[in-house]
Protein chains: 2
Amino acid sequence: MKEKINPEQCQVVSSLNTLLGKWKPIILQHLLAEGTLRFNELKKRIPDITQRMLTLHLRELEAQDLIKRVVYPQVPPKVEYSLTEYGKTIEPLMNTLHDWGKNHLQHIENLKKLDKLD
Amino acid sequence: MKEKINPEQCQVVSSLNTLLGKWKPIILQHLLAEGTLRFNELKKRIPDITQRMLTLHLRELEAQDLIKRVVYPQVPPKVEYSLTEYGKTIEPLMNTLHDWGKNHLQHIENLKKLDKLD
DNA sequence: CTGAATCCTAAAGGATACTG
DNA sequence: CAGTATCCTTTAGGATTCAG
């Protein structure tokens, strides 16, 4: 018997926790695709997110050192978000998740079709 | 500018939803490591999970076609859980998550140490 | 423009007791 | 042994308002 695995020590859970948040993967995808975006540019690209959640998620991603936040001291304020160098290491992970997820949707779709034949 | 990405059409989100559940990755890890386990064997290996959550998570993993459930019609009941053939395709994904998560914990640890030097 | 503050709802998960 | 059923707590997220 293998040793016990707890959520706290499981490294898979560690990865998942980093991405845990309804909009975090979306935010990361936009920053991966476009490099640098202002707060409102992100808001426009993710219409259904609330300002509150965008702020909270950005703060958490920043705390994880995945993104950096640059404030231009001017009025009206201008704040730019982009991935840190470290944050860019998440791209292969995102791609792996994307590929498996895409295949998974197809798989579930196929199962449903087979069910209808019964 | 790329097209908008919504949670519903985002394939990364699709993968994450499959693993969404406090104990699901843990359950999968045990089944990956040991092949077939009975309900109570899983419960013993994951001491802090409640029977309720174990049942719910197993049902959801089964609905995703990731695991299969075999009931032996006897008293007392015997139910065995194992990965489906399709479910085994999640192993590379789990490994990728594990590796990134392990590195991430180390990264965060290093950042904390650097902070203390200030 | 980029937030912060407050209040509220919904969903996930836990505790406990019961059952074929 | 392998669950169900019920009730409760916690947490994530949404709606709205205000502010520098």
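Model, not experiment: these values are computed from the prediction. By convention in this document, chain letters (A, B, ...) are assigned in the order of the sequence lines, proteins followed by strands, and residues within each chain are numbered from 1.
- A heavy-atom distance below 4.5 Å is found between the side chains of B:V79 and B:R69.
- The distance between atom NZ of B:K22 and atom C1' of C:dG14, rounded to the nearest whole Å, is 8 Å.
- Side-chain atoms of A:E80 and A:Y72, non-hydrogen and from C-beta on, do get closer than 4.5 Å to each other.
- Dashed line: the shortest gap from a side-chain N or O of A:K43 to OP1 or OP2 of C:dG3 is not under 4.0 Å.
- Taking CG from B:D65 and CG from A:L111, the interatomic distance works out to 5.0 Å, rounded to the nearest 0.5 Å.
- One finds the NZ atom of A:K24 at 12.0 Å from the CG atom of A:L54 (value rounded to the nearest 0.5 Å).
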Determine, step by step, whether A:E41 and A:Y81 satisfy the side-chain contact (heavy atoms from CB on, under 4.5 Å) criterion, reporting the C-alpha distance in whole Å, the side-chain angles of both residues, the deciding distance to 0.1 Å, and the verdict. CA-CA 10 Å; A:E41 291 174 330; A:Y81 293 93; over 6 Å; no
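- Residue A:Y81 places at least one side-chain N or O under 4.0 Å from the OP1 or OP2 atom of C:dG3.
- For the helix from C:dC1-D:dG20 to C:dG20-D:dC1, the end axes, each set by the C1' atoms of five terminal pairs, are bent relative to each other by 50° (nearest 10°).
- Taking NE2 of A:H98 as the start and OG of B:S14 as the end, the distance is 9.5 Å to the nearest 0.5 Å.
- For the pair A:G21 and B:P77, both in contact range of DNA chain D, the more 5′-proximal nearest nucleotide belongs to B:P77.
- More than 12 heavy atoms of other residues, nucleotides or ligands shown are found within 6.0 angstrom of NZ on B:K43.
- Chain A approaches DNA chain D within less than 4.0 angstrom (heavy atoms of the protein), and the contacting nucleotides run 5' to 3' from D:dG13 to D:dG20.
- Taken from CD in B:Q51 to CG in B:N40, the straight-line distance is 7.0 Å, to the nearest 0.5 Å.
- The A:F39 side chain lies nearest to C:dT2 when the options are C:dG13, C:dT2, C:dC1.
- At the heavy-atom level, B:R38 lies under 4.0 Å from the strands shown only through sugar-phosphate atoms.
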N/O donor to acceptor pairs below 3.5 angstrom from side-chain atoms of residues 87-97 of chain A, sequence neighbours left out:
unit_1	atom_1	unit_2	atom_2	d
A:K88	NZ	A:E85	OE2	3.0
A:T89	OG1	A:Y86	O	2.7
A:T89	OG1	B:W100	NE1	3.4
A:N95	ND2	A:E91	O	3.4
A:T96	OG1	A:P92	O	2.9

Between B:T18 and B:L61, does the side-chain contact (heavy atoms from CB on, under 4.5 Å) criterion hold? Intermediate values first, please. CA-CA 8 Å; B:T18 305; B:L61 290 170; 5.5 Å; no
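- Toward the 5' end of DNA chain C, the nearer of the two residues A:R52 and B:T50, judged by each one's closest nucleotide, is A:R52.
- Under the rule for a salt bridge (charged side-chain N to carboxylate O under 4.0 Å, His left out), B:E62 has no partner lying at least two apart in sequence or in another chain.
- One atom, NZ of A:K78, and another, P of C:dG3, lie 14 Å apart when rounded to the nearest Å.
- Of the residues in residues 56-74 of chain A, those lying under 4.0 Å from DNA chain C by heavy-atom distance are A:R59, A:R69.
- Between the C1' atom of C:dA4 and the CD atom of A:Q51 lies a distance of 10 Å, rounded to the nearest Å.
- In summary, the side chains of A:H104 and B:Q64 do present a donor paired with an acceptor at a separation below 3.5 Å, with no hydrogens or angles considered.
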Look for any protein N or O under 3.5 Å of an N or O in nucleotides 8-11 of chain C and output each such pair with its distance, or none.
none

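- Of all the heavy atoms in A:A63 and B:I108, the pair that sits closest is O-CD1, 4.5 Å.
- Closest of all the heavy-atom pairs between B:S15 and A:G101 is OG-N, 2.8 Å.
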